[in-house]
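So you know, we letter chains A, B, ... as the sequences are listed, proteins then strands, and number each from 1.
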Amino acid sequence: MTVRVRFAPSPTGYLHIGSARTALFNYLYARHTGGKFLLRIEDTDLARSTEESTQSILEGLEWLGFAPDEEIVFQSNNADKHRAIAVKLLEEGKAYRDFTPKVSEQPASAAGREISVKDAIKERARAAGDQKSMRDNPFRDITEVEAETRIANGEPFAIRLKVAENGKTAFEDGVYGLQERDYAETEDLVLLRSDGHPLYNLAVVCDDIEMGITHVIRGQDHLTNTHKQILIYRALGVEPPIFAHLPLIMAPNKGKLSKRKHGEVVSMTTYRDAGFLAEAFRNFLALLGWSASEEQEIYSMDELISKFSLEGIHRSNAVFNFKENDPRHWTDDKAMWMNAEYIRTMTLADLIPHVKAELKSAKLWREEYEPDLRAVVATVPSTEAQSFEASTEIADRPETIAIEPLEVGTYDWFLRTIDAIRARFFTLKDFSSQGRAYFSEDFDFDPAAVAKNLTKFPELREWLPQLADRFESEFQAETRPVGSVPSDGSDGSLPFSEANIETVVKAFTEEKGFKLGVIMNGARTMLTGVAVGPSMLTVFEIIGFERTLMRLRSQVAWND
RNA sequence: GUCCGGUUCGUCUAGGGGUUAGGACACCGCCCUUUCACGGCGGCAACACGGGUUCAAAUCCCGUACCGGAUACCA
């Protein structure tokens with residue numbers, strides 16, 4: 001039997017973190033078993049379902065990389081079938097018409113509606129005490145004649161499943177084990193509303209049957225629904241699929257993680273837009289409620305697929321930990337850490353396309369960074385550059401190309417730069433914000449960095465331009481046009497490379513009788529606008545000779 | 001109210017009769033260094049509670065507490 005699973009979100013908002021994890025687990029299970037991963041949009045709640053929501057969910061899934069293996073099913077398209085099935089159950093005597101007038105819903109705000117409904121349910125239950133019977137619907141056993149009369153009078157009716165007096169439903173949950181529920185705990189659930197619209201439990205069962213679903217993997221909030229659905233399966237004479245329920249993902253206070261209360265932080269598109277890598281986020285999500293019983297935490301998609309199993313899913317809820325009013329911890333620290341971990345350890349070949357997209361959207365991308373153009377603009381021959389394309393293992397490449405100064409703005413320079421700055425970055429956004437100075441002359445100065453590294457040492461205002469002069473004389477730049485390679489040493493001058501820069505800066509610092517760090521960090525802020533980054537020698541080199549002179553001489557940072 | 005689940009560091013988790021209860025994130029400290037959010041080393045920090053069973057319980061059983069879910073003509 002081929003496994004067929006589905007992810008079935010209802011389009012009443014964006015794709016949130018819990019749904020995303022459900023989608024992930026379904027996807028992993030399908031891939032692990034060689035089965036099919038299907039997608040069904042449960043848009044039967046006409047009042048709440050929206051087209052934007054469907055789009056947003058689809059976007060979220062696309063970002064995460066969970067493409068369905070078959071065409072998307074829209075549940076609302078199957079309403080006629082669902083209706084027909086309800087009628088069939090009615091005709092078979094397995095369901096009955098309930099003429100009880102529908103209790104009109106409060107016109108309460110959509111926001112508070114759910115809570116007030118739940119409160120009402122509790123109130124009702126408390127008031128009823130133990131007296132309440134799930135089998136006391138007055139229309140459960142009315143005669144066909146009476147029913148016909150009422151229909152003739154135009155009385156609207158809902159169709160309810162006729163649950164037997166005695167017995168229980170039972171199923172073996174893939175995660176929670178044996179689940180039993182006495183019929184006395186299950187009401188005669190409504191299959192079809194009095195306005196003719198099918199209800200969730202009916203629709204789900206019908207669609208799952210039609211789609212040939214073999215395993216239903218969904219949130220634990222559906223655990224009790226499952227009993228109702230099994231009743232429908234039985235009434236239909238169809239063997240139920242295997243069910244596996246997932247623990248829920250909670251807010252930091254262990255309460256419900258809701259779109260309304262917690263907003264953006266639970267939306268998938270937030271993470272996409274915040275510069276997260278889908279592979280990193282998937283990895284994070286996989287570890288929320290599942291583990292392979294080992295200490296490894298970083299998993300490639302292939303590893304997740306091969307290691308995933310229902311047995312590894314927990315029964316207890318997990319907390320998605322974040323601090324609402326703390327920008328530094330606006331989302332779960334582990335998610336952020338994992339994203340950073342991916343950024344600094346993945347191969348450059350995998351990272352570059354993401355950086356490219358980010359720089360493009362920030363208008364910082366230049367065609368010169370394209371590898372294809374290297375041959376046209378490169379003046380530094382690079383044999384490593386060719387092996388780069390041939391090989392996917394390029395993690396240690398930067399060390400091999402760091403030997404010679406690279407022309408600013410070329411593909412090789414680009415690779416070196418990305419590799420140098422990524423170590424301290426957390427998201428893709430950092431490449432265009434903190435890393436902006438590497439790609440543009442138009443960058444801002446972080447006030448904290450200016451205060452710490454510049455204004456604290458007023459001497460620097462004169463010394464840094466002097467350092468520029470020193471560079472100029474040592475590296476003899478005046479004969480070369482802006483943007484050219486500083487020097488490869490062939491003209492008799494010193495190459496503008498780390499070792500040489502170090503010698504010059506150290507000599508300069510000693511003359512001034514100052515600490516090296518003060519000069520270096522002053523220069524760091526002048527050159528990059530921030531207080532953190534790679535080794536300053538590397539920064540000098542990748543910012544390049546001409547830009548270094550220009551920025552050291554600039555007074556912009558000094559004028560608040 | 002009733003039914004169903006759950007409970008190991010702040011968070012994610014490993015461990016399922018004998019462990020100094022392990023790892024990761026976060027936090028703190030030290031080191032490296034020209035800075036740092038990189039890296040290295042270290043620290044803080046947990047078996048909800050009460051009974052049993054057992055030579056031995058975080059682990060098995062019962063109860064309690066707390067948390068969560070469900071209980072809709074929502075999904």
Taking 4.0 Å as the cut-off, does a side-chain nitrogen or oxygen of [X] come that near to OP1 or OP2 on [N]?
X: A/Ser291; N: B/A14; result: yes
X: A/His197; N: B/C73; result: no
X: A/Lys118; N: B/A72; result: no
X: A/Arg328; N: B/C25; result: no
X: A/Arg422; N: B/C38; result: no
X: A/Arg48; N: B/C74; result: no
X: A/His245; N: B/A70; result: no
X: A/Thr44; N: B/A75; result: yes
X: A/Lys254; N: B/U11; result: yes

Among B/C3, B/U71, B/G69, the one nearest A/Ile121 by side-chain distance: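 Of the options given, the side chain of A/Ile121 lies nearest B/U71.
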Closest to the A/Val319 side chain, choosing from B/U11, B/C3, B/A75: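 Between B/U11, B/C3, B/A75, the one nearest the side chain of A/Val319 would be B/U11.
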Rounded to whole angstrom, note down the [atom1] distance from [N] over to [M].
N: B/U7; M: B/U13; atom1: C1'; answer: 14 Å
N: B/C31; M: B/U19; atom1: P; answer: 37 Å
N: B/A45; M: B/G22; atom1: C1'; answer: 14 Å
N: B/A48; M: B/G42; atom1: P; answer: 29 Å
N: B/C62; M: B/A26; atom1: P; answer: 40 Å
N: B/C47; M: B/U20; atom1: C1'; answer: 15 Å
N: B/C41; M: B/C32; atom1: P; answer: 15 Å
N: B/G63; M: B/U2; atom1: P; answer: 15 Å

Ignoring hydrogens and angles, does a donor from either the side chain of [X] or the base of [N] sit under 3.5 Å from an acceptor on the other?
X: A/Ser194; N: B/C73; value: yes
X: A/Ser535; N: B/U34; value: yes
X: A/Asn225; N: B/A75; value: yes

[atom1] of [X] versus [atom2] of [N]: gap in Å, rounded?
X: A/Leu191; N: B/C74; atom1: CG; atom2: P; result: 13 Å
X: A/Leu248; N: B/C4; atom1: CG; atom2: C1'; result: 13 Å
X: A/Glu295; N: B/U13; atom1: CD; atom2: C1'; result: 10 Å
X: A/Asp43; N: B/A75; atom1: CG; atom2: P; result: 10 Å

Atom pair CZ/CG of A/Phe281 and A/Leu277 - distance to nearest 0.5 Å: 11.5 Å
Rounded distance [0.5 Å steps], NE2 in A/His227 versus CG in A/Leu189: 13.0 Å
Is [Y] paired with [X] through a side-chain N to carboxylate O contact shorter than 4.0 Å?
X: A/Arg40; Y: A/Glu42; value: yes
X: A/Asp195; Y: A/Arg193; value: yes
X: A/Arg160; Y: A/Glu187; value: yes
X: A/Glu185; Y: A/Lys168; value: no

Partner nucleotide of B/U34 by Watson-Crick or wobble geometry (both distances under 3.5 Å):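 Result: none.
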